[in-house]
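In what follows, every chain begins at residue 1, and chains take the letters A, B, ... in the order their sequences are listed.
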Amino acid sequence: MKSVDEQMELLTQGVANLIDEKDLRKKLERGKPLRAKLGVDPTSPDLHLGHSVVLEKLRQFQLLGHQAVLIIGDFTAQIGDPSGRSKTRPPLSRDDILANAKTYTDQAFQILDKDKTEIVFNGDWFNKMTFAEVIQLNAKVTMQQMLQREDFRNRIDKGQEVRLHEIQYPIVQGWDSVVVESDVELGGTDQLFNILVGRDLQKADGQEPQVVMCMPILEGLDGIQKMSKSLNNYIGVSEAPGEMFGKMMSISDELMAKYSVLLLGEAIDPEVHPMESKKSLAAKIVSRYHSGAAAAEARENWETMFSKKDLASADLPEYQIGERSDLIGVVQNAYAETFDQKKSGGDVRRLIQQGSIQLDGEKITDVKAAPSWTEGQILKLDKKRSVRILV
RNA sequence: GGGUAGUUACCGAAGCGGUCAAACGGGGCAGACUGUAAAUCUGCUGGCUAUGCCUUCGAAGGUUCGAAUCCUUCACUGCCCA
């Protein structure tokens, strides 16, 4: 095992909030493996790079010989959406939750070491609690403490409602820490408050409080809002190499610098041309989730398509002409079947009229066109997407 | 419980009897320019195999030749008072 100083250096790298450094050092000095907790919500199972930031940190703990404890919030998921003004989601069924948890962990093990991960479901203890026990748990915290949380306070100031179950949330999450006896809890910076509650509950229970370690929130591809599936500004960890590479290339230079630090722990070299830096960043990400070979191939194909603009020799998805052979129908189905993009007839008309559609390099702007399709033609749908036609 | 203001498309917000598929802004999409960057400029942005047809302005009814606009009831939300 590495020395405490070495561990401290690695573990604190890239961390946004650490409470506190002394506690962490003290725990490490004992030389016993730490229990590093991460709680996840099995509501939306698809992992993206935003989640990976904290998972990578957890992986680091594993590499240093510590124990990862992954808590699947099956109990919390059944209650519904905790922090939010968002509309109440339909409560998930038991089966959905288990299926989600499976997808989640399968993807998480692309990053984490499965053999060194303890997986627990918090329903195991919460489903057994009696109401009296719930009340006792609530007695451990004060209203004032809960109201310190910024989003509760804001909502109260603005006269918006705060439901009582919402203020239970931090308590529930905090109790998890007591049950699993965590030494460190990881999370995004938005989890700071909840993780702190865990500390309080542990102290109240005579345990040594956990160290709080919050990772920065990764912005999505737009560079403004946090990466999330619903905003469609994400890169999923199980996306195809070409897809990943392309998405990475579309980010802004500013965002590239952040990604590089958060995802790779490396700063961008200002001497290198930004595009070159971006390609190398994209390739590194692809090789992390696929392989070095896949990354090299993705890069080469990308260069063929976009730098050399040589669509003919690029590796393009194929589209089989179906029942509809008119231009609108073909474009619409090609989007749907090859790129999973739903476009309405109006959207497609617009694309055609605005000169987005090209067949073998020729723009087609006539909405009513019905080209005679032949095998191997290249249909360009927009700047980023093209397909090879099969008849 | 009382009073009051509101509920319009992805979001914010105009519209207050016909010229409304609904101004404007944001967001989104596409094109031009580029490095699939940023910035900028231009166009589009309910659905439909489409010079027309269909479904929208919280919900349901009603008045009218005609309703997002007027009336009634209901639901929800904010604010003030208790």
Answer with base, sugar-phosphate or nothing: what part of the nucleic acid does [X] contact at a heavy-atom distance below 4.0 Å?
{"X": "Gly246(A)", "result": "base"}
{"X": "Asp253(A)", "result": "base"}
{"X": "Lys278(A)", "result": "base"}
{"X": "Leu351(A)", "result": "sugar-phosphate"}
{"X": "Leu255(A)", "result": "nothing"}

Could you measure between the two [atom1] atoms, the one in [N] and the one in [M], and give it in whole Å?
{"N": "A59(B)", "M": "A75(B)", "atom1": "P", "answer": "15 Å"}
{"N": "U55(B)", "M": "G47(B)", "atom1": "C1'", "answer": "7 Å"}
{"N": "C81(B)", "M": "U19(B)", "atom1": "P", "answer": "44 Å"}
{"N": "G12(B)", "M": "G58(B)", "atom1": "P", "answer": "13 Å"}
{"N": "C10(B)", "M": "G17(B)", "atom1": "C1'", "answer": "30 Å"}
{"N": "G28(B)", "M": "G46(B)", "atom1": "C1'", "answer": "15 Å"}
{"N": "C20(B)", "M": "A68(B)", "atom1": "C1'", "answer": "8 Å"}
{"N": "A60(B)", "M": "C16(B)", "atom1": "P", "answer": "24 Å"}

For the side chain of [X], counting heavy atoms from C-beta on, which of [options] is nearest?
{"X": "Ser252(A)", "options": "A37(B), G35(B), A30(B)", "result": "A37(B)"}
{"X": "Gln354(A)", "options": "G35(B), C29(B), G43(B)", "result": "G43(B)"}
{"X": "Met275(A)", "options": "G35(B), C29(B), A37(B)", "result": "G35(B)"}
{"X": "Arg324(A)", "options": "G35(B), C29(B), U49(B)", "result": "U49(B)"}

- Item | Pairs where residues 304-351 of chain A contributes a residue and the test ring-ring contact (aromatic ring centres under 6.0 Å, His included) is met, not counting sequence neighbours | Trp302(A)-Phe306(A)
If [N] has a Watson-Crick or G-U wobble mate with both distances under 3.5 Å, name it; if not, just say none.
{"N": "C76(B)", "answer": "G6(B)"}
{"N": "U40(B)", "answer": "A32(B)"}
{"N": "G66(B)", "answer": "none"}
{"N": "G61(B)", "answer": "C71(B)"}
{"N": "A13(B)", "answer": "none"}
{"N": "C48(B)", "answer": "G52(B)"}

- Task: Anything under 30° is parallel, anything over 60° is perpendicular, the rest tilted; go ahead and classify His48(A) against Tyr234(A).
- Result: tilted
Over 12 foreign heavy atoms within 6.0 Å of [atom1], [X]:
{"X": "Glu9(A)", "atom1": "CD", "answer": "no"}
{"X": "Gln341(A)", "atom1": "CD", "answer": "yes"}
{"X": "Gln145(A)", "atom1": "CD", "answer": "yes"}

May I have the distance from [X] (atom [atom1]) to [N] (atom [atom2]), rounded to whole angstrom?
{"X": "Gln353(A)", "N": "A50(B)", "atom1": "CD", "atom2": "P", "result": "14 Å"}
{"X": "Ile352(A)", "N": "A30(B)", "atom1": "CD1", "atom2": "P", "result": "14 Å"}
{"X": "Phe306(A)", "N": "G35(B)", "atom1": "CZ", "atom2": "P", "result": "15 Å"}

- Start at the 5' end of RNA chain B and walk down; is the nucleotide closest to Gln332(A) or to Phe245(A) reached first? Phe245(A)
- Message: If you assign Asp222(A) and Lys383(A) each to the RNA chain B nucleotide with the nearest heavy atom, which residue ends up on the more 5' nucleotide?
- Response: Asp222(A)
- Under 4.0 angstrom between Ser307(A) side-chain N/O and G35(B) OP1 or OP2: no
- Task: Would you indicate, yes or no, if G46(B) has its OP1 or OP2 atom less than 4.0 angstrom from a side-chain nitrogen or oxygen of Arg349(A)?
- Result: no
- Within the distance-only criterion (no hydrogens, no angle test), does the side chain of Thr105(A) pair as donor or acceptor with the backbone N or O of Ala108(A) below 3.5 angstrom? no
- Task: State whether a side-chain donor-acceptor pair under 3.5 Å links Gln202(A) with Ser177(A).
- Result: no
